[in-house]
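Letters go in sequence order (proteins before strands), and every chain restarts at 1.
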2 protein chains.
Amino acid sequence: MNDASMKDVATRAGVSTATVSHVINNSCNVREETKDKVNRAIKELNYRVNPTARKLRNGHSKIIGFVVSNLAHYFYMELGNAIESVLNKNGYELFYINSNENPEKEKAQLEMCRLENFAGIIVVPVNNNWKDLEPIISNIPTVFIDRKPNSIDRDVVLTTNKQSGFDLTCKMIEKGAKNIAFIAPQHDDTMQLRVDGFKNAMKSNNLEYDPECIIFCNKRPKIYGELAEDNDWINILDYVINEKHVDCIISGNDLFAFGAISYFNKKDIEIQKDILFGTFDDTFWMNNLNTEIYSVAQNKKGMGEKAAKLLLDRLNNEDYEYDEYCIEASILTLNKE
Amino acid sequence: MNDASMKDVATRAGVSTATVSHVINNSCNVREETKDKVNRAIKELNYRVNPTARKLRNGHSKIIGFVVSNLAHYFYMELGNAIESVLNKNGYELFYINSNENPEKEKAQLEMCRLENFAGIIVVPVNNNWKDLEPIISNIPTVFIDRKPNSIDRDVVLTTNKQSGFDLTCKMIEKGAKNIAFIAPQHDDTMQLRVDGFKNAMKSNNLEYDPECIIFCNKRPKIYGELAEDNDWINILDYVINEKHVDCIISGNDLFAFGAISYFNKKDIEIQKDILFGTFDDTFWMNNLNTEIYSVAQNKKGMGEKAAKLLLDRLNNEDYEYDEYCIEASILTLNKE
DNA sequence: TTGTATGCGTTATCAT
DNA sequence: ATGATAACGCATACAA
């Protein structure tokens, strides 16, 4: 059985399709009596507006796309949850789309969002460079979250990266660290800020940092286990530990943190006894290590909600200037003895 | 600047829209020369077919929905990856949709999939009972994965649940377990099969099982940390450990496994020394516990690919009978000493 | 207050 | 081989 159309409803209610449309959209004054007739017909036929037809006519839908560089990154799922709860309350549905660290895939997906007339998108970009991508999304209300492309004028929701880098480093120093390695994934704005915070904290505490212990890996693991078997990765850690003799390692994100823990386990290095460990992101799995570590807990709920609200504002044609919003993070001590 | 339409292409190429359509869809013989003209115009205008209009006209799109009971469940992300790789190769795009253990949300989302004319859907259902939901998806090619609703005739992809329950239990017994508690989440077909396997294994090994140590919790944690603070949960574990004095616990899935490990850590119970631990699902975080545990590794890649291929077959109007496909799992020893 | 008619961008039928 | 045209379901300008 096919879905009922507006015409069916009109016929059944004994009115025209225009009237039905008016009832549905409140676009005209309609007599209560006819309104009732129409609503009854709608119920009886279990009629739903066909969003495809509406889209074709109106040029927009009630769908928001969440285009994420790596959905397997648990952090983004948590952002998504916060985003979704706000959007759902406002009548929008969220689709999660995985660009999987693949720029071409991302491009195709953004094009799709445009062609599908999504109401808006929230994006964790794969790369900084959006020269190619900017024209694709030029007509789509867009909010970037977690990472910010260069030279593109849009709303952005970030963490207080520099401050957190500073705070986490201070925490490690307070715990006794003197010779710290900072291991970061790709070298982008976000990571640079975190490293800047690290450097400042070292200076503020009158400690030297070894530039060779600030390492940008340019690795993009797609799943958590990936680094455990990666020789480059093992070499990097071997280097800072055995040759640089660091007493503390800070990881730039949680996939890297997982890799570091794998390494420690494999090499029988005991956290707290042999080395201190701190990381950006606090993800669930860190709470079941039976050793104390320190983490930057980004305010995922705050970030997600902010991004969703910004997008809603844009959808309602609020016209203030684009801006960058930094949501404050906090430093956690996990598995405290 | 607005997107170019077919009309624009037609004008530029000096032909009719019908011809353009024929070129795009290979629906008619078109002279090479005009074909070239059209293709050139398409390139010059950067024309893309408007999927909304096409959908309205044709009644279907190239989008597949992956409607998941809980996207934060890492297992489903991994299934999604496998599904996506197969579908992408065949020209389909996958949207992840989170029903978040909420039956009403799931219903609304399925309706949306229908109204949006998705080509097909792959579903991890929230509940077994699909009386309400069946009519909604009656026209949509659908494959169920991981869980199977009652009395609905569709393709289903599952794990060898009973066999795995048997194998895992045998492994635990081999490791010295005699008095085992099986702790399962909701009481559905899947869990029943796993428990059946457990019972069979006990019998085969001439061991008694205590029916009071087979516990169905009817809890649905939405995130991994949730159980750690849950008193009901703590009571259950207190009960089997302190009153029933079990020497081994088997967990029905990985969210519960995480809760169990949290409990062990909090109570200073040492796995291997004080108790043996086995679980269904092997998820990345289990590899960083520095103690040996045993897990049922479902073949996620195999399951996802099978589901995707089944759906593709249905989309191509293959008309064999609906069936249940059980993909074999294996037993892993994690963090072997 | 309600109805008629048109167009959104496609595709498919039927002419030419 | 190509073109004119209707139809998909809806929303709106305008007429009644």
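Using a 4.0 Å heavy-atom distance criterion, A:Arg57 is classed as a base contact. Using a 4.0 Å heavy-atom distance criterion, A:Asn29 is classed as a base contact. Using a 4.0 Å heavy-atom criterion, one finds that A:Ser21 contacts the bases of the nucleic acid, with or without backbone contacts as well. Across all strands, A:Val20 comes closer than 4.0 Å to no nucleic acid atom at all (heavy-atom distances). Residue A:Met6 is in sugar-phosphate contact alone, with no base atom involved, counting any heavy-atom pair closer than 4.0 Å across all strands shown.
In this structure, A:Leu56 places its CG atom 18 Å from P of C:dT6, rounding to the nearest Å. The separation between A:Arg54 atom CZ and C:dG7 atom C1' is 17 Å, rounded to whole Å. In this entry the distance linking CG of A:Asn58 with P of C:dT6 reads 20 Å, nearest Å. Distance NZ (B:Lys7) to P (C:dT6): 14 Å, rounded to an integer number of Å. The distance between atom CG of A:Asn117 and atom C1' of C:dC8, rounded to the nearest whole Å, is 11 Å. One can place CD1 of B:Ile24 at 14 Å from C1' of C:dA12, the figure rounded to the nearest angstrom. Atom NE2 of B:His22 is separated from atom P of C:dA15 by 15 Å (rounded to the nearest Å).
Counting heavy atoms from C-beta outward, B:Leu315 and B:Ile64 have side chains that approach closer than 4.5 Å. Looking only at side-chain heavy atoms (C-beta outward), A:Lys148 and A:Arg154 stay at 4.5 Å or farther from each other. Looking at heavy atoms from C-beta onward, A:Ile24 lies in side-chain contact with A:Tyr47 at the 4.5 angstrom threshold.
Of the possible polar contacts, none joining the B:Tyr74 side chain to the B:Leu255 backbone as a donor-acceptor pair under 3.5 Å is found. Listed for the B:Thr11 side chain is a donor-acceptor partner under 3.5 Å among the backbone atoms of B:Lys7.
For C:dT2, one of the phosphate oxygens OP1 or OP2 lies less than 4.0 angstrom from a side-chain nitrogen or oxygen of A:Arg31. Between C:dG3 and A:Thr19, a contact under 4.0 Å exists linking OP1 or OP2 to a side-chain N or O. For C:dT2, one of the phosphate oxygens OP1 or OP2 lies less than 4.0 angstrom from a side-chain nitrogen or oxygen of A:Thr34.
With the nearest nucleotide of DNA chain C identified for both A:Ala53 and A:Val30, A:Val30 has the one nearer the 5' end. When each of A:Ser5 and A:Cys28 is assigned the nucleotide of DNA chain D bearing its nearest heavy atom, the one mapping closer to the 5' terminus is A:Ser5.
Running 5' to 3' along DNA chain D, contacts with non-hydrogen atoms of chain B at under 4.0 Å begin and end at D:dA1 to D:dG9.
Atom CG of A:Asn90 sits about 8.0 Å away from atom NZ of A:Lys62, to the nearest 0.5 Å.
Out of C:dG3, C:dG9, C:dT10, the shortest distance to the side chain of A:Val15 is found at C:dG3. You'll find that the side chain of A:Ala18 is closest to C:dG3, out of C:dT2, C:dG3, C:dA12.
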Run the numbers on A:Tyr322 and A:Leu310 for side-chain contact (heavy atoms from CB on, under 4.5 Å), then give the verdict.
CA-CA 10 Å; A:Tyr322 289 125; A:Leu310 278 169; over 6 Å; no
Assess whether side-chain contact (heavy atoms from CB on, under 4.5 Å) is satisfied between B:Lys222 and B:Asn100, documenting all intermediate values.
CA-CA 7 Å; B:Lys222 288 187 188 166; B:Asn100 216 19; 3.9 Å; yes
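Using a 4.0 Å cut-off between charged side-chain N and carboxylate O, A:Glu318 and A:Lys309 make no salt bridge.
Using the six-membered ring where Trp is involved, B:Phe66 and B:Tyr96 have ring planes that are perpendicular, over 60° apart on the 30 and 60° scheme.
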For DNA chain D, please output the secondary structure as dot-bracket, reading 5' to 3'. Pairs are Watson-Crick or G-U wobble, both atom distances under 3.5 Å; mark crossing pairs with [ ], other-strand partners with |, unpaired with a dot.
||||||||||||||||
